[in-house]
Amino acid sequence: MTDSADISISAHLTALPDRVGVDGLEDKWRAVWDEDGTYTFHNPGERSAVYSIDTPPPTVSGHLHVGHVFSYTHTDIIARYKRMNGFNVLYPMGWDDNGLPTERRVQNYYGVRVDTSMQYDPDFVPPFEGTDGKKMDAKDQVPISRRNFVELCEKLTAQDELQFEALWRKLGLSIDWSRTYHTIGEHAQRVAQKAFLRNLERGQAYQQDAPVLWDVTFQTAVAQAELESREYPGFYHRVAFRFEDGTPIYIETTRPELLAACGALIAHPDDERYQRYFGQFVYSPLFHVKVPILAHPAAEMDKGAGIAMCCTFGDQTDVQWWRDLHLPLRSIIQRNGRIVMEMPDWIEDAEGKRVFEQIEGKTTFSARKAIVEELREVGDLDGEPTPTKRMTNFYEKGDKPLEIVTSRQWYLENGGTDKALNAELIERGKELNFHPDFMRVRYENWVHGLNGDWLISRQRFFGVPFPLWYPLNEAGEPDYANPLLPSEDVLPIDPSTDIPAGYTEEQRNQPGGFMAEPDIMDTWATSSLTPQIVTEWAEPGQEAFFASTFPMDLRPQGQDIIRTWLFSSVDRAQLENHCLPWANATLSGWILDPDHKKMSKSKGNVVVPNKPIEQFGADAVRYWAASARLGLDATYDEGQMKIGRRLAIKLLNATKFALAIGREDENHHVADEASATWDPQDVTEALDRAAMAKMALVVKQATNFLERYEHSKALEVIENYFWQFCDDYIELVKNRAYGTPDAQGNVPAEAAVKSARTALGMGLDAFARLLAPFLPYATEEVWSWMHAGEGSVHTAAWPKPLPYATAAFNVSPDVLAHAGATLAALRGIKSKAKVSMKTPIERVRLAVSDNVRESLRQSLADIREAGRVIGDFSLEHAQELINQMQSDGDETSDAAEETIVVTESELGEPPAKKR
RNA sequence: GGGCGAUUAGCUCAGUUGGUUAGAGCGCCACCUUUACACGGUGGAUGUCAGGAGUUCGAGUCUCUUAUCGCCCACCA
């Protein structure tokens, strides 16, 4: 037997406001939560008592977007739910201030650019502040030192972070604000450098001098994960190469400007048109360079002329040919995207040299124009160029096609070359619970399609530096194979200002001295370690913290960065910890504008989130976000926010009503405080028990949904019952709860009154808890009325079915459903007659099925009062309806509703209208 | 070209393992100021379930196919 003391609810009731509203609740409760440390993480010391969340650090240089509100609300609902379930929730916040977006924003905002040759100026003042939005020519930007630039980055991101924090707080995210990190901060840098050094030690990180994809605008290498293919207009040029005797052989190319870099012509080994030429040589037009005709299976017979010119490098197939066929490296594109200034040594022909001089230093675009002119003049251009659209690789943040240049870069293993690691990462993907599950496919597609290890070095300025130096030999040349490494305890370091052990600053860049690795790490090389950053991985003295928080429970993120953030995090945890970094990943969808277009800055249809929060309230905006499932795109819908606002207001009013009964003075004020105990044993009336039975069911369903990360369904069942509770249950028990005498003047029994009041109290207490993850402000407000001095609803216990099931005492929830349907039928009589709901019903006959009649009998007095039936109220058989019920054997409340039919009614005199 | 998701009322969306007459809210229409709520309440009308074919006694649901929308990957001669 359960002791009722265990399941009864003690309430401390405060005075109630005469009128309630949702406006202003945000500021009121946010201040209280801050002061009380409601969301502060307390490490219980055991992993099972913690729920840890790897919060996505927003790119602070990006703009606030209503999409942020959407996905962060989903995570907050889970955080609040877990907290109410007794978990110590580690819910930190990070800021992604590392990387190119910040660099670009700083350049525009302050009108500056980095010049690595400049010295640090401690008194530097930027020429502008807030030129954001205006386009500024690079030549007008003031050159400054790298260190000055980094300082400006830090200054600006600090401002951006304040904006984000203000939004998150207003939205009511239950973040522990004492646990924040920056991807460029000292801690994150230490983790990134430490992990890199350990990767290096294990041979998982390595350098390679090889062709890489190169962005000419930002002048940095980029990784496979950062590629984006876009349609790019071009022209096919049909160009003649010639044999010794002048016989032409035609190739087609979209990049004639690379003619000087051609090292071979290549056709498929099975291509009968060209088989007889394999091994022979031809001369390139204009430059007259002798190149072989070779066979390689990557050549496609049906593309262009079927034979291609291989240049180093026009595309990734060129790289493959160059490697497989051991072709000479003939590079003519500089890292800024222009043709080299020096005459290539493989061009020996005088006319060839003259042509090359025409294109030296030109952009690929102008060089192409010049080459086409020259080709046309000598007659080696067959016909006119024909326009084509082709898909070309771009850096996702760049606007010029990527070039391929050969350079020394750092790589990290990611399964792109190592089949065993690839299989392990696929396996990890199967272990991870994706919500929704179909997102796993995107992960697997990506891992299967990897074609190389992860290029992690970037030739940029604002980021985490590689923590190493290279010794210089007597000729001043670096020994890349034997880098000088710092010890872990001095991390983070910046090799451009810090000095390797055993050297002095004077030896920097001197023969026999050392030089710093100039590159920084890819921003994802830091972001991929957020699980390790927030759980204090490898921090001396934090071993216990790490043990009780890692592997984490949840990674929430956008579906667009599965290949980057999610995958790279899994990779890093596999290399470092040999496990998944988290057990669950939730993927949110996009926000579409009302015309079903994806919201994006470039489309100019972005809604700034502060506006709807101000207009409808944070709870209302959260409600809109919560009503969308994970992984599905949602439409920006202010109508949905209005509904959320209405729900919050309804909760305030309904709770106020339930708590005010029996405590009001003659003016309906409730000024006193009171104690109450809602004991399930006091719920004795059938209708009240039915309401509790339904509550037990709803609690169970909502809990199951939230356990499965289906917050929208949880909200739906809670909300549906809440409205039924308000519209039907409260209306039905109102008179009894007040102790109002019936038409015959009979006063309800004391126990019946107590039963109603107890069920109302238990019900609204439950709704406050059930809705707390969704509407944190309104629920906290009503909680404060009934549990004054007991702390926040957000640290209260999530409801369990037991107290409600106990109160239900085996009464079916159908009793409430049937009573509600009957009440609706009585209302329908009045609505059709277009009279007030207060109008009494003299006489009414309802046709109902047997089981409904049985059920209604238990709540008939309440129905009679709520419907104001003052005379005959008969429930009769309706044979055809009964047959219907029996034929399908269905006794659900839905079917029951349709078996209540008004067969006859007579209305009394409507009440006199009040002025 | 491959893959994933979507397509249900004017709008936003539910619809579990196939089951009788497909639901909710908004909006719309009508009515009601009723001692929790006019930031309200009550009642009502509303559908070629994108199209086609198939499996089945029975299909919004399963299979195939077409179309449209969104996204991911692959196509650079």
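Side chains are part of it too, since the values below use all heavy atoms of this structure and drop only hydrogens, waters and symmetry mates.
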Picking from C76(B), G5(B), C71(B), the nucleotide nearest the side-chain atoms of Leu632(A) would be G5(B)
Sort out the partner of C76(B) for me: Watson-Crick or G-U wobble, both distances under 3.5 Å, none otherwise.
none
Mind checking if Trp624(A) touches a base, just sugar-phosphate, or nothing, with heavy atoms under 4.0 Å?
nothing
Using atom P of each nucleotide, how far apart are G51(B) and U34(B) to the nearest Å?
48 Å
Spacing between Asp633(A) atom CG and G70(B) atom P, to the nearest angstrom
11 Å
Applying a 3.5 Å limit to both distances, which nucleotide forms a Watson-Crick or G-U wobble pair with G18(B)?
none
Partner lookup for G70(B), please. Criteria are Watson-Crick or G-U wobble with both distances under 3.5 angstrom; report none if nothing qualifies.
C4(B)
Using the P atoms only, state how far C57(B) lies from U65(B), rounded to an integer number of Å.
24 Å
Using a heavy-atom cut-off of under 4.0 Å over every strand shown, decide if Met309(A) touches base, sugar-phosphate, or nothing.
nothing
What's the spacing between Leu566(A) CG and Tyr443(A) OH if we round to 0.5 Å?
7.0 Å
Cationic tip of Lys642(A) within the cone over Tyr623(A)'s six-membered ring, i.e. under 6.0 Å and within 45° of the normal?
no
Can the ring centres of Tyr395(A) and Trp214(A) be said to be less than 6.0 Å apart?
no
Looking at G40(B), which nucleotide sits across from it as a Watson-Crick or G-U wobble partner, both distances under 3.5 angstrom, or is there none?
C32(B)
Please determine, for the side chain of Arg442(A), which listed nucleotide (G5(B), C71(B), C37(B)) has the closest atom?
C71(B)
Selected nucleotide, minimal atom distance to Gln224(A) side chain, candidates C76(B), A74(B), U35(B)
A74(B)
Complementary nucleotide for G27(B) - Watson-Crick or wobble, under 3.5 Å
none
When rounded to the nearest Å, what value does the distance between C1' atoms of U48(B) and G43(B) take?
29 Å
Closest listed nucleotide, where the reference is the side chain of Glu716(A) and the choices are A14(B), U42(B), C32(B):
A14(B)
Which of A36(B), A14(B), G25(B) is nearest the side chain of Lys734(A)? It is A36(B)
Strictly by Watson-Crick or wobble contacts shorter than 3.5 Å, is anything paired with A53(B), and which nucleotide is it?
U63(B)
A38(B) and C11(B), which share atom name P, separated by this distance in whole Å:
32 Å
What are the two closest non-hydrogen atoms of Lys656(A) and Leu16(A), and how far apart are they?
O-CD1, 3.6 Å
In whole Å, measure the gap between the P atoms of G47(B) and A22(B) for me.
11 Å
Report the nucleotide, chosen from C76(B), C39(B), U12(B), that has the shortest atom-to-atom distance to any side-chain atom of Thr635(A).
U12(B)
Which of the following nucleotides, G15(B), C26(B), C4(B), is nearest to the side chain of Val441(A)?
C4(B)
Say we look at A30(B) and A67(B): how far apart would their P atoms be, to the nearest angstrom?
46 Å
note: Ile561(A), atom CD1; C73(B), atom P; distance rounded to Å ~ 13 Å
If you check every side-chain atom of Ala824(A), which of G43(B), A36(B), C76(B) has the closest atom?
G43(B)
Which of C37(B), C76(B), U42(B) is nearest the side chain of Ser831(A)? It is U42(B)
With the side chain defined as heavy atoms from C-beta on, Arg629(A) is closest, among C37(B), A14(B), C32(B), to A14(B)
Please state the C1' separation for the pair A9(B) and C26(B) - nearest whole angstrom.
12 Å
Within 45° of the six-membered ring axis of Trp785(A) and under 6.0 Å from that ring's centre, is NZ or CZ of Arg663(A) located there?
no
Nearest-angstrom distance from the residue atom CH2 of Trp590(A) to C1' of C71(B)
8 Å
C1' gap between A59(B) and A24(B), integer Å
23 Å
